[in-house]
Amino acid sequence: MLQPAISELVGRVLAEQCFVGGERVSSFEAAFGSAHHVKHCIGVGNATDALFIILKALEIGKGDEVIVPAHGWLSAAEMVLLAGAEPVFADVDAASYCLSVENVESLVSPRTKAIVPIHLYGQMADMQALKVFADRKGIFLIEDCAQAHFASNGGDMAGSVGIAGAFSFYPSKLLGGIGDGGCITTNDDDLAQKCRAMANHGGIEKNDHQMAGLNSRLDTLQAAVLEFKMQHVDDWITARNHIAGYYERELKGISEIVTPQISLGNAHNFHIYAIQAERRDELKAHLATAGIQTEIHYPKATPFTPAFSDLQHSAQSFPVSEKLQQAGLSLPIYETMTHQEVDYVVMTIKDFYS
Ligand SMILES: *Cc1c(COP(=O)(O)O)cnc(C)c1O
């Protein structure tokens, strides 16, 4: 139970009377950045802001195209649109649920400025291959790391391969605060300066507005809580991988289910354990009756949401995303889940298909 220690910490921050910026924010930025092997970590209000700030700092806007995944949370597509550029949706890889080179190569045009892979459910896209591809084409890779804290691919940490990464500390994420929070990671000195300014009304120093920016900060209180919780993340990831391994052993024999695959060379954080299930909605109802709460990430692929309806995409354009929308189901997974609890979920699923 971390709650007593967090309450005590919150009390200390209140007593310190510093609520914006300060030592606690820079201390967390340094710790989180170093854990992800990046030179710069910039605390911001949330991951959605982080993506917007990165796009603006890279001067991506009117007339530009940015490739985003059809399956996953909509922030990247949404921020591309708000930045004035055009989101170009790509289907995702059936095994990793993330973007692969095969998904994006036919979509690159002379106007393509960036690709935004989402490291979905806790494992990274094949960044080594994407990096080779993007470098050859001269386009940026911006990593959506909102679900990928401490995940790695071929030894590279999430947020360290592309020009920049966007992390979320929303409470339900693997590393979550007690409210909204996020950060930008990058190894590029100039971009780091620009993002920091962009998040602070266009300037690093007070009253120095080099450009129009926004006000997007990681609060002192969130930074304090996150730095405290960060010490436990390794243990949580180990526990989650343990549970995922158990699910895998028990569920892989069920022909109606596809279990999540860990891509070669990846360290998965299992923020989410997403299976594909036949008769998904019936299974979900059956589990609910047994008191087991499951989630559907994501009930509608982003191109089919009203916000993007004028692009007039059809289901045939994104067969894998379409399949995941129909069959995707996230099973309970949390670090304190007991063997008995996992077993109960497994038994209830077996019972449904038998
Ligand atoms: C949660 C999430 C976001 C948005 O994070 P916020 O901090 O809430 O803005 C973006 N992308 C993905 C993949 C997410 O899961």
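As the structure lists them, so they are numbered: ligands from 1, and atoms in each ligand from 1.
- The pair R196-E29 counts as a salt bridge, with a side-chain nitrogen and a carboxylate oxygen less than 4.0 angstrom apart.
- Residues H36 and T185 have side chains that never bring a donor and an acceptor to within less than 3.5 angstrom of each other.
- Both I53 and V66 belong to a common hydrophobic cluster when Ile, Leu, Val, Met, Phe, Trp and Tyr are linked at side-chain heavy-atom distances under 4.5 angstrom.
- Among protein heavy atoms, the minimum distance from atom 12 (C) of ligand 1 is reached at A146 CB, 3.3 Å.
- In this pair, Y298 and W73 present their aromatic rings tilted. The plane angle is within the 30 to 60° band.
- Residue D144 touches ligand 1 through its side chain alone, judged by heavy-atom distances below 4.0 Å.
- By the criterion of a heavy-atom distance under 4.0 Å, both the backbone and the side chain of N46 are placed next to ligand 1.
- Ligand 1 has an N or O atom lying under 3.5 Å from an N or O atom of S168, backbone or side chain.
- Atoms of ligand 1 found under 4.0 Å from any heavy atom of S75 (numbered from 1 in listed order, with element): 3 (C), 4 (C), 10 (C).
- Under 3.5 Å, the side chains of Q312 and D310 contain no donor-acceptor pair of N or O atoms.
- For atom 3 (C) of ligand 1, the closest non-hydrogen atom of the protein is W73 CD1, 3.3 Å.
- Residue contact check: I118 has heavy atoms under 4.0 Å from atoms 13 (C) of ligand 1.
- Looking at E78, K173, H271 and measuring to atom 15 (O) of ligand 1, the nearest heavy atom belongs to K173.
- Ligand 1 has a nitrogen or oxygen under 3.5 angstrom from a nitrogen or oxygen of Q147.
- Hydrophobic clustering, with ILVMFWY side chains joined whenever heavy atoms are under 4.5 angstrom apart, groups V13 together with V225.
- Between H313 and F308, a ring centre-to-centre spacing not shorter than 6.0 Å is recorded.
- Ring geometry, Y121 versus H71: the interplanar angle exceeds 60°, so the pair is classed perpendicular (tilted spans 30 to 60°).
- In this structure, H119 falls outside the shell of residues with a heavy atom less than 4.0 angstrom from ligand 1.
- Looking from atom 9 (O) of ligand 1 to the surrounding protein, the closest heavy atom is T48 OG1, 2.5 Å.
- For ligand 1, none of its N or O atoms has an N or O atom of L51 under 3.5 Å away.
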